[in-house]
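Labels below follow one simple rule: chain letters A, B, ... track the order of the sequence lines, proteins then strands, and each chain is numbered from 1.
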Protein chains: 2
Amino acid sequence: MQPPYHRLEEFVPLTGSDEGLVRRFAASSRKIHRGHAIRREGDHVGGIFFLMEGWVASSMMLREGRRQIVKVHLPGDMLGMPSLSLSRAGETLEALTDVVVSVIPCPALGRMFIENPRLAVGLFLSTQKERVALMQSLSWIGAASALERLAAFLLDLHSRLNAAGLTRADGFDLPLTQQHLADLLGITPVHVNRTLKRLDQAGYVQRSRGRIVIADLAGLRAVAANAPPRFADHEAWTRLGSPSGNHIPDPRAG
Amino acid sequence: MQPPYHRLEEFVPLTGSDEGLVRRFAASSRKIHRGHAIRREGDHVGGIFFLMEGWVASSMMLREGRRQIVKVHLPGDMLGMPSLSLSRAGETLEALTDVVVSVIPCPALGRMFIENPRLAVGLFLSTQKERVALMQSLSWIGAASALERLAAFLLDLHSRLNAAGLTRADGFDLPLTQQHLADLLGITPVHVNRTLKRLDQAGYVQRSRGRIVIADLAGLRAVAANAPPRFADHEAWTRLGSPSGNHIPDPRAG
DNA sequence: CGCGTCTTTGAGTCGCTTCAATGTCTGTGG
DNA sequence: CCACAGACATTGAAGCGACTCAAAGACGCG
């Protein structure tokens, strides 16, 4: 199966040699079973992870029991990057399904900044996009009701799954328990259940054993009532002066 | 006055020529008066800003009226970076006091990735640190009470002001209205007031016309009950293989 | 079939919101 | 020097959304 590179080239065009570089990391891939941790808060930071298959939740613990899921990662995402700025990992990466990740060690990252500025810029912009996503989450959780948050999450998930080519018939399998959703949305599991029920009974979604079907996309958007940000794609890269990197010509120029 | 470079060299040692580069941007500085916007949601993204003096709030609008303040910036911070990944600015940058910012245009950023990988790595790690801060905020707002959030914010502010050398006698001027605090913490202005009153009457802080004094640091920490993350400083840089950039020797090696 | 995990539902409570009014400060002009 | 306006802070009372506690139902797995 073709590894999910759509996130890598969303801001920067990939050359053949770029792909070769990335493919080398894919060789060092690790499998982790559902429910297990890829890395825990406080663990040593040896690198970052590229998610090849499966879903991952990255979360932070608060006092006793309370935890906040910060992001649900899909195939193609880079995991554990924020912890690069910490002396010990600040987030727990939990496999929500069986997953395959490839490891990118720290020194390889450092080398990339010198040898391949193009990819470095891509990674940099990708991180900024993640920051925007975090700011969005913060806004929802800070200023929206439980119904709005849940609707917004389902919509976000749906669009990201589409981008990765992982939806079938406007529906998708949701491998999160209601406890997970609660930790993600900042509400209790009980209230997740009631809120899901409301969305279901109002005809916006249909649920059947872990599978979600968006029955009324426009209606759901009206509930969430937030315009998703428009990303810049390669436009951002050209805005930065298209730093081509190690003298490889821009493949888009020809 | 010495420009606040402490955030620039927190992860990467600055060489003399680095400082020269940065100082050139300082020349193109702009003054903005309190209450005015540096950049609005939807504006053209021409670059990023380096905050020389004053406080800035970056916020996102939700539906009519509701807004979420995502971060309060202090001197030394870089502003508006997330919007690099968007075709139009996704955040509003509002001056909370009279401020001075210098502009770093997009092409200059792109050039830096080629000509000065060292600074690029520093900026990259700095962005990861901001991401961790965002994840922290998300956790507080999602899983903590109003009292805990407020305590955590005041503590965070206090420690960042200390790092910038901007506190006097364990106190600081807080140029935020209670409306600002409300938009930041995700509660109503009315409840901000009641919560501040509780912190005051319990002896944790003292308030007097916009000035905050931390009266009981340990007590306030116990209320917030969150361990701040330990950042990696130059450790992260060495972990990445210390990419020195354009053949300038590592000043820390000698 | 039986066990554990997850989901669903009900009833009572609490934190925060909403609405509304009063109090306080600051700057401005007469 | 005082009167006034506007913005901000403070306080009260009532209501609602989400929480807590608790129990029963459904599913998946050995």
Q) Between the side chains of B:His180 and B:Thr177, does any donor sit under 3.5 Å from an acceptor? A) yes

Q.
When you compare the side chains of A:Gln68 and A:Ser59, does any donor N or O come within less than 3.5 Å of an acceptor on the partner?
A. no

Below the 4.0 Å mark, does [N] have OP1 or OP2 next to a side-chain nitrogen or oxygen of [X]?
| X | N | answer |
| --- | --- | --- |
| A:Thr188 | D:dA18 | no |
| A:Lys197 | C:dT8 | no |
| A:Arg207 | C:dT7 | no |

Q. Should A:Glu91 and A:Ser83 count as side-chain neighbours, where that means a heavy-atom distance under 4.5 Å?
A. yes

Q. With a 4.5 Å heavy-atom cut-off, do B:Phe172 and B:His158 have their side chains touching?
A. yes

[X] [atom1] to [N] [atom2]: how many Å, rounded?
| X | N | atom1 | atom2 | answer |
| --- | --- | --- | --- | --- |
| B:Ile141 | C:dC16 | CD1 | P | 13 Å |
| B:Ile187 | D:dA9 | CD1 | C1' | 15 Å |
| B:Leu181 | D:dT10 | CG | P | 11 Å |
| A:His191 | C:dG10 | NE2 | C1' | 14 Å |
| B:Asn193 | C:dA20 | CG | C1' | 15 Å |
| B:Leu196 | D:dC8 | CG | P | 16 Å |
| A:Gln179 | C:dG4 | CD | C1' | 16 Å |
| A:Gln178 | C:dT8 | CD | C1' | 8 Å |

Q: Note down the inter-axis angle between the two ends of the helix from C:dC1-D:dG30 to C:dG30-D:dC1, five pairs each, to the nearest 10°.
A: 30°

Q: Give B:Arg194 one of three labels, base, sugar-phosphate or nothing, depending on what nucleic acid heavy atoms sit under 4.0 Å from its own.
A: base

Q | Sugar-phosphate, base or nothing in reach of A:Arg149, heavy atoms under 4.0 Å | A | nothing

Q: Please tell me which of the listed nucleotides, D:dC19, D:dA9, D:dA22, lies nearest to the side chain of A:Val190?
A: D:dA22

Solution key, residues 201-214 of chain B side-chain donor-acceptor pairs under 3.5 Å, sequence neighbours excluded:
| residue | atom | partner | partner atom | Å |
| --- | --- | --- | --- | --- |
| B:Arg207 | NE | B:Asp200 | OD2 | 3.1 |
| B:Arg211 | NH1 | B:Asp173 | OD1 | 3.2 |
| B:Arg211 | NH2 | B:Arg168 | O | 3.2 |

Q. What pairs meet the salt bridge (charged side-chain N to carboxylate O under 4.0 Å, His left out) rule with one or both residues in residues 180-198 of chain A, with sequence neighbours excluded?
A. A:Arg67-A:Asp183

Q: Give the C-alpha distance, both sets of side-chain angles, the deciding distance and a yes or no for salt bridge (Lys or Arg N to Asp or Glu O under 4.0 Å) between B:Arg88 and B:Glu41.
A: CA-CA 7 Å; B:Arg88 307 245 133 206; B:Glu41 237 168 303; over 6 Å; no

